[in-house]
Amino acid sequence: LNELPQWVYDLVTVAWIVGITNAINLIDGLDGLSSGISIISCVSLLMIFALNGSPLLSIILITALCGALCGFLPFNYNPAKTFMGDTGSNFLGYSLAIISILGLAKTYRAVVIVAPIFVLGVPLFDTIFAIFRRIKNGKSLKAIMQPDAGHLHHKMLKAGFTQKQAVLIMYGFTACLGIFAIVLLESGWVKALIFAAIVVIVILAGYKEFFAQRLLSNAEAEKELKIVTEKEEVTDKKVKVRVEKS
């Protein structure tokens, strides 16, 4: 890693900051989703920083961010009374990106550097899939900027989950990825993969019973999805208006 040219580090740093900032913004489609995922990510990063002997500044900042989100989530959880909006979600993503860089600034171990990717895996991979999906459907790079209803939380609503169920399931995915990253850092790949295998087995064991009980009727599922997409369309219009005015 030390032999790589400086421009590679600069490029990766910029890509990480831009990617995480937009990932948290794009996943903010359901009440309490981005704030809850961010809390779980903060706790996971805090444990990684503590195990890695990261700078005290990064530990203080991630703890402060987690505390602020814990105070905000009860008002943002469904049915939400308070919304963070694009400004809040962008700031949240930017903060997570910067703090994760600060926490790993003096680290050259590949395992430690990869850990935040797993911790923020849900919003990060959802965004990556959204980019490829929009390019494929729109047949151009401009299509990346066009909103769609193909995000993970949209698919879960289409499948018949309520908003609360979809949010809790995505919390669970984030927590599992966070634990995987911590086990990976502390105990190595073997135990991390064993943990992942156990999680998969548990999910498969309860798959039929869970899916048999959780589905809404098609009409209710369409209603939930319509409410969410209408909110996102309103947000996108407001963003476009602000951009045009500026």
Side-chain angles (χ1 to χ4, degrees), residues 20 22-45 47 66 69-70 72-81 83-84 89 92-93 96 115-130 133 147-184 192-193 195-232:
I20 297 302
N22 283 279
I24 297 298
N25 182 40
L26 288 175
I27 208 170
D28 187 28
L30 299 178
D31 294 345
L33 182 56
S34 61
S35 53
I37 285 178
S38 297
I39 288 175
I40 298 171
S41 299
C42 284
V43 173
S44 300
L45 286 174
M47 296 184 69
C66 183
L69 287 170
C70 286
F72 175 74
L73 181 59
F75 301 96
N76 186 233
Y77 193 72
N78 186 272
K81 302 178 181 66
F83 302 91
M84 67 173 66
S89 58
L92 185 54
L96 284 169
I117 297 177
F118 288 109
V119 171
L120 296 163
V122 171
L124 189 59
F125 291 121
D126 182 59
T127 300
I128 292 172
F129 293 145
R133 181 180 65 249
D148 62 6
H151 289 285
L152 181 57
H153 55 273
H154 290 137
K155 293 183 182 296
M156 296 180 75
L157 292 178
K158 288 179 182 178
F161 290 101
T162 66
Q163 290 194 43
K164 287 185 178 180
Q165 288 170 337
V167 168
L168 290 174
I169 291 171
M170 293 182 74
Y171 284 178
F173 287 154
T174 304
C176 288
L177 287 172
I179 296 172
F180 177 86
I182 295 168
V183 174
L184 175 63
L193 291 175
F195 167 77
I198 293 173
V199 171
V200 171
I201 291 171
V202 171
I203 291 175
L204 292 176
Y207 179 85
K208 291 183 179 179
E209 291 78 6
F210 179 73
F211 272 70
Q213 297 177 13
R214 66 86 176 98
L215 290 177
L216 295 167
S217 67
N218 290 333
E220 290 175 318
E222 289 295 331
K223 183 178 179 181
E224 288 276 336
L225 180 61
K226 184 178 180 181
I227 293 172
V228 172
T229 51
E230 285 178 351
K231 287 181 180 179
E232 293 180 346

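Heavy atoms only: backbone and side chains are in, while hydrogens, waters and symmetry mates are out. All of these numbers come straight from a predicted model, not from anything done at the bench.
Between His151 and His154, the ring planes lie tilted relative to each other; the angle falls in the 30° to 60° range.
Scanning both residues, Leu92 and Ser34, for their nearest heavy atoms gives CD2-O, 4.1 Å. Closest of all the heavy-atom pairs between Ser89 and Ile24 is O-CG2, 3.6 Å.
Rounded to the nearest 0.5 angstrom, Leu33 CG and Asn76 CG are separated by 9.5 Å. Between Ser41 atom OG and Leu177 atom CG the span is 9.0 Å, to the nearest 0.5 Å. Interatomic distance, Thr162 OG1 to Met156 CE, rounded to the nearest 0.5 Å: 9.5 Å. Rounding to the nearest 0.5 angstrom, the gap separating the CG atom in Leu73 from the CD1 atom in Ile37 is 11.0 Å. For the atom pair CG of Leu157 and CG of Leu30, the computed distance is 5.5 Å after rounding to the nearest 0.5 Å. Atoms CG and CG, from Leu193 and Leu184 in turn, are 8.0 Å apart once rounded to the nearest 0.5 Å.
Contacts of Ala181 classified as side-chain contact (heavy atoms from CB on, under 4.5 Å), with partners at least two apart in sequence or in another chain: Ile48, Ala115, Phe118, Val119. Listed by chain and residue number, Cys176, Phe195, Ile203 satisfy the side-chain contact (heavy atoms from CB on, under 4.5 Å) test with Val199 (two or more places apart in sequence, or in another chain). With sequence neighbours left out, Tyr77 forms a ring-ring contact (aromatic ring centres under 6.0 Å, His included) with no residue at all. For Cys66, the side-chain contact (heavy atoms from CB on, under 4.5 Å) partners are Ile39, Cys42, Val43, Cys70, not counting sequence neighbours. Taking Asn22 as the reference, Val18 meet the side-chain contact (heavy atoms from CB on, under 4.5 Å) condition, with sequence neighbours excluded.
Residues Val167 and Met170 are not in side-chain contact: their nearest non-hydrogen atoms beyond the backbone lie 4.5 Å or more apart. Between Thr127 and Ile27, the closest side-chain pair of non-hydrogen atoms is not below 4.5 Å. The shortest distance between side-chain heavy atoms of Val183 and Ile179 falls below 4.5 Å.
Applying the side chain to side chain donor-acceptor pair (under 3.5 Å) test to every pair with at least one member in residues 169-179, sequence neighbours left out, gives no pairs at all.
Here the side chain of Asn78 pairs no donor or acceptor atom with the backbone of Asp31 at under 3.5 angstrom.
Atom CE of Met84 has more than 12 heavy atoms from other residues, nucleotides or ligands within 6.0 Å.
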